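Okay, so here's the structure we're looking at.
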Amino acid sequence: LWPWLLASSGLSALVQLVTLPFFPDSPSYLLIQKGNEEACRKAIRKLWGQGDHQAEIDDIMKEKGAMASTKTLRVLEVIKERSLRWQLYFMMTVMTTLQLCGINAIYFYSFEVFHTAKFEEYLIPYVSLGIGLCECLSSILCSTLIDRFGRKVLLWGGYTLMCSVLALLTMTLSLQHRFFWMHYFSVILIFLFVVFYGSGP
């Protein structure tokens, strides 16, 4: 089953490969990068239907004007620019914590936790698949939450809940040989961690 499951991702790639040539180019790309206003209007009509779309074209023209007045900086210039320093620190912190938050360790050790929890050998791949499904669904949920609460709240809340879950998971894994039910609690915590990861960071 796993070879077929892995091969199924190629199906979506094939659908994109076949249908992508029939999609119009981005109107902003056609107007800003190519400077072709007629092609831009044609793409807008294809995407949004017939009608007066002058307001959208005016917005793209304003964006083009703003881009023309903005200087493109090289990487070294961005690092040296004092006005961008805090934004750069923030982005570096977010990217670093995202890599070191523990999600890779959770995925790596989840098989062992499921095995210790006395799951049948043939069921473990499906439980692992459930973890991936949880991450996918929580990412979809995040797209609705971010508009309501904002990115900052989701980052703080996500990392706080993930830290709490990791602390509890460390405790349950340490005590799993004393209490038989700790195995199942560890499994629940793994699923919770993935949900908080998908809906937060």
Side-chain angles (χ1 to χ4, degrees), residues 1-23 26 47 87-201:
L1 185 63
W2 278 105
W4 288 103
L5 191 62
L6 288 171
S8 65
S9 60
L11 183 63
S12 61
L14 182 64
V15 169
Q16 288 182 44
L17 188 66
V18 171
T19 58
L20 202 56
F22 300 101
F23 282 89
S26 165
L47 288 168
Q87 293 94 318
L88 186 63
Y89 289 157
F90 179 75
M91 289 305 299
M92 287 172 63
T93 303
V94 169
M95 291 299 107
T96 304
T97 51
L98 197 59
Q99 291 298 316
L100 302 176
C101 68
I103 189 68
N104 293 325
I106 288 291
Y107 276 122
F108 186 78
Y109 288 110
S110 61
F111 184 88
E112 187 179 331
V113 172
F114 297 150
H115 193 269
T116 311
K118 303 295 189 295
F119 277 96
E120 295 290 339
E121 197 75 30
Y122 73 93
L123 283 175
I124 292 177
Y126 296 104
V127 180
S128 300
L129 192 63
I131 290 178
L133 186 62
C134 273
E135 185 177 352
C136 180
L137 292 174
S138 58
S139 298
I140 294 169
L141 175 66
C142 177
S143 63
T144 59
L145 292 176
I146 198 166
D147 292 330
R148 180 175 294 182
F149 299 108
R151 186 77 176 134
K152 189 176 180 181
V153 173
L154 289 183
L155 279 172
W156 276 107
Y159 281 124
T160 303
L161 291 169
M162 285 162 63
C163 283
S164 305
V165 168
L166 282 179
L168 287 170
L169 187 59
T170 304
M171 188 174 67
T172 57
L173 291 174
S174 302
L175 298 173
Q176 65 183 354
H177 300 295
R178 295 188 182 182
F179 307 101
F180 74 93
W181 49 268
M182 280 291 182
H183 304 301
Y184 305 105
F185 196 39
S186 299
V187 172
I188 293 167
L189 288 173
I190 286 174
F191 274 90
L192 281 175
F193 183 87
V194 171
V195 168
F196 294 147
Y197 171 80
S199 57

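Quick note: numbers below take in every heavy atom, side chains included, and nothing from hydrogens, waters or symmetry partners. All values reported here derive from a predicted model rather than from experimental measurement.
- Partners of S186 by side-chain hydrogen bond (donor to acceptor under 3.5 Å, both in side chains), not counting sequence neighbours, listed by chain and number: T172.
- For Q87, the side-chain contact (heavy atoms from CB on, under 4.5 Å) criterion is met by L84, not counting sequence neighbours.
- Counting all heavy atoms, side chain and backbone alike, V195 lies closest to C134 at CG2-CB, 4.2 Å.
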Distance-only donor-acceptor pairs under 3.5 Å for side chains of residues 8-18, two or more places apart:
from	atom 1	to	atom 2	distance (Å)
S8	OG	L5	O	2.5
S9	OG	L6	O	2.7
S12	OG	S9	O	2.9

Name every donor-acceptor pair, under 3.5 Å, that has one atom in a side chain of residues 144-158 and the other anywhere in the protein, sequence neighbours excluded.
from	atom 1	to	atom 2	distance (Å)
T144	OG1	L141	O	2.6
R151	NH1	G200	O	3.3
R151	NH2	P201	O	3.0

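- Contact annotation: the side chain of F23 approaches that of T19 to within less than 4.5 Å [non-hydrogen atoms, C-beta and beyond].
- For the side chain to side chain contact (heavy atoms under 4.5 Å, CB included) with Y197, the lone residue among L161, L98, L192, I106 that qualifies is L98.
- F179 pairs by the ring pair (Phe, Tyr, Trp, His ring centres under 6.0 Å) definition with W181, not counting sequence neighbours.
- Evaluation of the side-chain contact (heavy atoms from CB on, under 4.5 Å) rule for Y107 yields I103, I131, E135, V194 as partners, not counting sequence neighbours.
- Applying the ring pair (Phe, Tyr, Trp, His ring centres under 6.0 Å) test to Y89 and every residue at least two apart in sequence or in another chain returns W86.
- The OG1 atom of T170 sits 10.5 Å away from atom CG of L175, with the distance rounded to the nearest 0.5 Å.
- To the nearest 0.5 angstrom, M182 atom CE is 11.0 Å from L169 atom CG.
- For S26, the side-chain contact (heavy atoms from CB on, under 4.5 Å) partners at least two apart in sequence or on another chain are S28, Y29.
- Summarising the geometry, atom CG belonging to L173 is positioned 11.0 Å from atom OH belonging to Y109; distances are rounded to the nearest 0.5 Å.
- Summarising the geometry, atom OG belonging to S138 is positioned 9.5 Å from atom CG belonging to L133; distances are rounded to the nearest 0.5 Å.
- Contact detail for G198 and C142: the closest heavy-atom pair is O-CB, 3.7 Å.
- For T97, the side-chain contact (heavy atoms from CB on, under 4.5 Å) partners two or more places apart in sequence, or in a different chain, are T93, Y159.
- Tested against L189, the residues F185, F191, F193 include a single side chain to side chain contact (heavy atoms under 4.5 Å, CB included) partner, F185.
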